[in-house]
Amino acid sequence: MATCVARRALAVGSRWWSRSLTGARWPRPLCAAAGAGAFSPAATTATRRHLSSRNRPEGKVLETVGVFEVPKQNGKYETGQLFLHSIFGYRGVVLFPWQARLYDRDVASAAPEKAENPAGHGSKEVKGKTHTYYQVLIDARDCPHISQRSQTEAVTFLANHDDSRALYAIPGLDYVSHEDILPYTSTDQVPIQHELFERFLLYDQTKAPPFVARETLRAWQEKNHPWLELSDVHRETTENIRVTVIPFYMGMREAQNSHVYWWRYCIRLENLDSDVVQLRERHWRIFSLSGTLETVRGRGVVGREPVLSKEQPAFQYSSHVSLQASSGHMWGTFRFERPDGSHFDVRIPPFSLESNKDEKTPPSGLHWPRRGGRQASRVSWSNGCASPEHDSAKHPDHKCRNLAEEQL
């Protein structure tokens, strides 16, 4: 076992992650104590302290579970790449990449702001640039320890027509940007605990990384491509609070002789400063191509009012919206509170809600691989499934379904 000289660690649940930071060369050992939990993103900061017997969990012994690799500045990570999430600290594995257009208002041309219009809270012309994101699996051992900062069942699908007010959730599936990934290697043939890991990936020691896509993963990606694809990412920073929004089209349903179009959107809030702030309110403007403009105000998001601090600087959640038109726009503000009781508003970058013009039949929850002609999944209720935040007048009820695999 490699020697691990830990210089920074943070307890998250009963798991302690640390990384060897002595010397200037990679690779570096990745160490952990027995138990479950997530890696400390603080381990990548410039300020570090020695892990001593005073702050090490009693009875926990650090063991090497992998070796860090040099993060890629150019190019992309391949299917099967193991990584630690640099913000939320969970262990994961890359399934496949997405090429998205990133619209970053922080680097937009300094054009004069315009009056608010139905397409957004008016402002700079923003040109998108290509950026790599990844579809990944989250290690199930880490999910309980990140659930207060990031939903682990945030990727949802519409249900069948016979149950049009329900949502399907895929546990432990996430989207991460290229810079979120801290790559590492492991000698373990099953280093990630997820029910889909061995069904999607095959260990091959002759490859690098040593996990290659099975045919089931390729078939699943092709079948669900329209409902998984990430195309646009929107980002804006106000008073050191960065808001990133990723919208996804979910499909269309017929209701009361009309068409209802559904989208989910993932939002990440990041505190880029050292001051502690707390989200208190949300204020949304929702414009539909049919000509309606709706205003929605409420406390917090998804039933929470997260605190963003230096130790836990980020919060990520997903929600849903529906329109009786094939396209629209959303924008708004989040209101934050400082420790002294003062408030300030953070802009949510305007983003488009676009439907697929060549839409085929929406997915029946999720298309799993088959074996012997039999559907290889079942639908079961999950008491721990995150409820959607209701940002529109027409929403699914609080039903949320887990898709758990049976035998393949």
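Residues take their numbers from the sequence shown, with the count starting at 1.
- A salt bridge does not link Glu281 with Arg297: none of the charged nitrogens is closer than 4.0 Å to a carboxylate oxygen.
- Taking the centre of each ring, Phe351 and Tyr103 stay at or above the 6.0 Å mark.
- Ser318 has its side chain within reach of Gln151: a pair of non-hydrogen atoms, C-beta onward, lies under 4.5 Å apart.
- Side-chain atoms of His145 never come within 3.5 Å of backbone atoms of Tyr90 as a donor-acceptor pair (strictly under, hydrogens ignored).
- Between Pro210 and Gln205, the shortest heavy-atom distance links the atoms CB-CA, 4.2 Å.
- Taking each heavy atom of Ser186 and Leu82 in turn, the nearest pair found is CB-CD1, 3.7 Å.
- In this pair, Trp220 and Phe96 present their aromatic rings tilted. The plane angle is within the 30 to 60° band.
- Here the side chain of Glu305 pairs no donor or acceptor atom with the backbone of Gln278 at under 3.5 angstrom.
- Annotation: the span from Arg264 atom CZ to His320 atom NE2 amounts to 7.0 Å, rounded to 0.5 Å.
- Two residues are said to be in side-chain contact when any heavy atoms from C-beta on lie closer than 4.5 Å; Val243 and Leu269 meet this criterion.
- Each of Gln73, Lys72, His131 was compared with Glu179 under the side-chain hydrogen bond (donor to acceptor under 3.5 Å, both in side chains) criterion, and only His131 meets it.
- Glu69 places no side-chain N or O within donor-acceptor distance of the main-chain N or O of Thr185, the cut-off being under 3.5 Å.
- Under the 6.0 Å cut-off for aromatic ring centres, Tyr77 and His178 qualify, their centroids lying closer than that.
- Rounding to the nearest 0.5 Å gives a distance of 13.5 Å between CZ of Arg91 and CG of Leu137.
- Remark: side-chain polar atoms of Trp263 are paired, donor with acceptor, to backbone N or O of Glu354 under 3.5 angstrom.
- Formation of a donor-acceptor pair under 3.5 Å by the Arg335 side chain with backbone atoms of Val346 is not found in this model.
- Under the 3.5 Å distance criterion, the side-chain polar atoms of Thr238 are left unmatched by any main-chain donor or acceptor of Ile241.
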Dump the intermediate steps for side chain to side chain contact (heavy atoms under 4.5 Å, CB included) on Phe344 and Val277, then the final yes or no.
-> CA-CA 10 Å; Phe344 63 99; Val277 296; 4.0 Å; yes
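- Between the side chain of Asn271 and the main chain of Leu308, a donor-acceptor pair closer than 3.5 Å is present.
- Distance check, rounded to the nearest 0.5 Å: CG of Leu279 to CZ of Arg304 gives 12.5 Å.
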Start with the C-alpha gap between Trp98 and His225, add the side-chain angles, then the distance that decides, and say whether side chain to side chain contact (heavy atoms under 4.5 Å, CB included) holds.
-> CA-CA 10 Å; Trp98 295 112; His225 184 277; 3.4 Å; yes
Passes ring pair (Phe, Tyr, Trp, His ring centres under 6.0 Å), Phe211 versus Tyr203? Steps please.
-> CA-CA 5 Å; Phe211 303 99; Tyr203 181 76; 5.6 Å; yes
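- Atom NE2 of His234 sits about 11.5 Å away from atom CE of Met330, to the nearest 0.5 Å.
- Between Asp232 and Ile246, the closest heavy-atom pair is O-CG2, 3.7 Å.
- Once rounded to the nearest 0.5 Å, the distance linking CD1 of Ile348 with CD1 of Ile267 reads 5.5 Å.
- Contact record, Leu272 with Thr237: CD1-CG2, 4.2 Å, taken as the closest heavy-atom pair.
- The shortest distance between side-chain heavy atoms of Ser355 and Ser327 does not fall below 4.5 Å.
- In terms of modelled atom types and a separation under 3.5 Å, the side chain of Arg347 and the main chain of Glu236 share no donor-acceptor contact.
- Arg214 contributes no side-chain N or O that, together with a main-chain N or O of Phe200, makes up a donor-acceptor pair within less than 3.5 Å.
- A 6.0 Å sphere centred on CD of Glu215 holds more than 12 heavy atoms belonging to other residues, nucleotides or ligands.
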Could you give me the CA-CA distance, side-chain angles and deciding distance for Phe315 and Val302, then say whether side chain to side chain contact (heavy atoms under 4.5 Å, CB included) is met?
-> CA-CA 11 Å; Phe315 179 80; Val302 291; 4.2 Å; yes
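- Using a 4.5 Å heavy-atom cutoff, the side chains of Arg268 and Ile87 are in contact.
- Contact annotation: the side chain of Gln316 approaches that of Cys266 to within less than 4.5 Å [non-hydrogen atoms, C-beta and beyond].
- Using a 4.5 Å heavy-atom cutoff, the side chains of Gln135 and Tyr175 are in contact.
- No side-chain heavy atom of Gln324 sits under 4.5 Å from any side-chain heavy atom of Ser290.
- Distance alone, capped at 3.5 Å, is enough to place a donor-acceptor pair between the Thr79 side chain and the Leu95 backbone.
- Counting non-hydrogen atoms of neighbouring residues, nucleotides and ligands closer than 6.0 angstrom, the CD atom of Glu198 reaches no more than 12 such neighbours.
- A pairwise comparison of heavy atoms in Val301 and Pro306 identifies CG2-CD, 4.5 Å as the closest pair.
- The nearest pair of heavy atoms linking Ile138 to His194 is O-CD2, 3.3 Å.
- Using a 4.5 Å cut-off on side-chain heavy atoms (C-beta onward), Gln312 and Val307 make no contact.
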With side chain to side chain contact (heavy atoms under 4.5 Å, CB included) as the test, would you mind laying out the steps for Ser326 and Leu289 before giving the verdict?
-> CA-CA 7 Å; Ser326 59; Leu289 187 63; 4.3 Å; yes
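- Rounding to the nearest 0.5 Å gives a distance of 6.0 Å between CG of Asp174 and NE2 of His85.
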